[in-house]
Amino acid sequence: MSDVLHPKLSNRAWTMILAGAVIVTLSMGVRQSFGLFLQPLGLELGVDRQTFGLIVAGQNLLFGLLQPFVGAWADRHGAGRVAVVGAAVYAVGLIIAATAVNALGLAVGFGALVGLAMAGCTVTVILGAVGKIVPAEKRTLAFGIVTAGGSLGQFLVVPAAQGLLDALDWRLTLFVMAGLIAVIALLAIGIAGKPPASIGQQDGPPIREALKEAFADRSFWLLNAGFFVCGFHIAFVGTHLPSYIRDQGLPAEVGAWSLALIGLFNIAGSWLWGAWGSKRSKKNLLALLYGLRSVTIILFMILPLSSVSVLVFAATFGFLWLGTVPLTNGLVAQIYGLRHLSALGGIVFLSHQVGAFLGAWTAGVAFDVTGSYNLIWMVSIALGLLAAAANLPIREAPLLRPEAVPAQ
């Protein structure tokens, strides 16, 4: 794999990339298993799908709201400390959820604490650190490698979580997962340290000016619009697909393996979309990816449902799952520079999490009102097409700042 990235990358760069990938493996792997808990904990605690969806939606929203601030802190002081704090809060949140006796306990553990913790130990902070040490021509590919870690976690952790649920119960399973999350505190050593001294004024203005110029740029808002749709899709499918499958009379194992296949195929997807983004137009790739998501959902809806069709859908959608992350963050770095990559990337990620909030919550509402998820599947198709259209007008070039304009 050494020839995939620049051969002159330092040992420090490789350590940060690999440690970051494993951190994302654990944090996202555990997070992606939450949909498996909907029915067992719902039956024991009397929590319906709308309530569970709202808790997960709140988690996603808190995650996004905190991300720009956490990202700005990591840009200034480094990602290691942020990851340690995030891991600690994450583990405590899982323990509180494991001891919950009602929906309020789940809201505090699964919702508030896990949502806050995720801002410190997932892709935005990690990519911000990696982006500052990897050559520009390989940056998007490096982002893809780290993002693939989340998919590897999904492939490994989700089936393991289903096995633990079958062998133990949902409470003990959450205690085991809290132990896994605690490992992140050790891995944070690999991403510790302040950003390189070479990242300075030439890589972007002070944070207030950077925010002003980004907010005044149409391309920034188009990126936000596309990433909103990404969050909607992922939260809806990740939270509700297992229950949708069981509603159709298929075994619970099919739901677990569908999430695992999403993770497996996204390992290749994140890597390849990142690699393509290092060589081709990132905005065009994003438009293609979102359009393919809509086509995939349409085929899933019109073809007869079976275990095979579910797994084919999961594999296909998995290839399109998080390929948006290296491409979107690559565009943020390319257009606005490296100095505030985590902060600006965190703002774009906030739009992702607003979409995730609506995807998780409205799907639960729609099911409770109509008795099916069909309305949300239709909305997902329309949003994918809108996201494809939104990415095409993005101006894919470094932002021209006044100081860069030659004197007249």
Side-chain angles (χ1 to χ4, degrees), residues 16 18-38 40-41 55-56 58-60 62-64 66-67 70 74 79-100 105-127 129 146-165 167-192 234-235 238-239 256 259-260 263 322 349 353 356:
M16 185 171 286
L18 296 177
V22 179
I23 288 172
V24 175
T25 295
L26 294 174
S27 62
M28 294 299 293
V30 170
R31 167 62 186 82
Q32 292 295 341
S33 71
F34 286 177
L36 301 177
F37 291 82
L38 192 160
L41 70 81
I55 290 171
V56 174
Q59 174 202 108
N60 282 304
L62 282 172
F63 180 9
L66 192 63
Q67 190 68 82
V70 174
R81 295 176 184 177
V82 173
V84 170
V85 174
V89 176
Y90 201 148
V92 171
L94 292 176
I95 291 170
I96 290 176
T99 57
L106 289 178
V108 173
F110 261 169
L113 292 180
V114 172
L116 294 173
M118 293 282 285
C121 53
T122 50
V123 290
T124 302
V125 167
I126 306 299
L127 296 186
V146 175
T147 305
S151 303
L152 179 61
Q154 189 169 341
F155 176 67
L156 296 175
V157 175
V158 172
Q162 183 64 59
L164 288 170
L165 285 168
L168 305 172
D169 63 16
W170 66 270
R171 295 183 186 274
L172 290 176
T173 299
L174 286 177
F175 278 112
V176 173
M177 290 185 166
L180 284 176
I181 291 299
V183 177
I184 291 175
L186 296 176
L187 292 167
I189 297 172
I191 60 170
I234 287 176
T239 304
L259 293 182
L322 290 179
F349 186 76
Q353 295 308 98

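Keep in mind that the numbers below use all heavy atoms, side chains included, and drop hydrogens, waters and symmetry copies. In what follows, residues are counted from 1 in the order of the sequence shown.
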**Message:** Leu180: which residues meet the side chain to side chain contact (heavy atoms under 4.5 Å, CB included) condition with it, sequence neighbours left out?
**Reply:** none
**Asked** Checking Tyr90 side chain against Ser27 main chain: does a donor-acceptor pair fall under 3.5 Å?
**Response** yes
**Results of ring-ring contact (aromatic ring centres under 6.0 Å, His included) for Phe349 - residues two or more places apart only** = Phe63, His352
**Over all atoms of both residues, closest heavy-atom pair of Met118 and Gln67** = O-OE1, 4.4 Å
**Request:** Please report the shortest heavy-atom distance between Ala112 and Leu62, naming the atom on each side.
**Result:** CA-CD1, 3.5 Å
**Message:** When you compare the side chain of Val125 with that of Ile191, does any pair of heavy atoms fall below 4.5 Å?
**Reply:** no
**Asked** Can you name the side chain to side chain contact (heavy atoms under 4.5 Å, CB included) partners of Ala178, sequence neighbours left out?
**Response** Ala91, Leu94, Ile95
**Asked** Does the pair Leu38 and Val56 meet the rule for a side chain to side chain contact (heavy atoms under 4.5 Å, CB included), with working shown?
**Response** CA-CA 10 Å; Leu38 192 160; Val56 174; over 6 Å; no
**Spacing of CG belonging to Leu106 relative to CD belonging to Gln59, to within rounding of 0.5 Å** = 11.5 Å
**Prompt:** Which pairs count as salt bridge (Lys or Arg N to Asp or Glu O under 4.0 Å) when at least one residue sits in residues 169-191, sequence neighbours excluded?
**Reply:** Glu44-Arg171
**Asked** Closest heavy-atom contact between Gly190 and Ala19?
**Response** CA-CB, 3.9 Å
**Request:** Could you name each residue pair satisfying ring-ring contact (aromatic ring centres under 6.0 Å, His included) that touches residues 106-127, not counting sequence neighbours?
**Result:** Phe34-Phe110
**Shortest non-hydrogen contact from Ala83 toward Ile184** = O-CG2, 4.0 Å
**Request:** Output the distance between atom CG (Leu165) and atom CG (Leu168), rounded to the nearest 0.5 Å.
**Result:** 8.5 Å
**side chain to side chain contact (heavy atoms under 4.5 Å, CB included) partners for Ala98, two or more places apart** = Leu174, Phe175
**Complete:** Sorted by chain and number, sequence neighbours left out, side chain to side chain contact (heavy atoms under 4.5 Å, CB included) with Val92 holds for Ile96, Leu113
**Asked** Hey, are the side chains of Leu36 and Leu259 touching, using non-hydrogen atoms and a 4.5 Å cut-off?
**Response** yes
**Minimum heavy-atom distance Ile234-Leu322, with the two atoms named** = CD1-CD2, 3.4 Å
**Request:** Say whether, by atom type as modelled, one donor and one acceptor occur between the side chain of Ser33 and the main chain of Ala161 under 3.5 angstrom.
**Result:** no
**Message:** So Ile126 and Met16, do their side chains get closer than 4.5 Å, heavy atoms only?
**Reply:** no
**Asked** What pairs with Gln353 under side-chain hydrogen bond (donor to acceptor under 3.5 Å, both in side chains), at least two apart in sequence or on another chain?
**Response** Asn60
**Prompt:** How far apart are the closest heavy atoms of Ala188 and Gly80, and which atoms are they?
**Reply:** CB-O, 3.6 Å
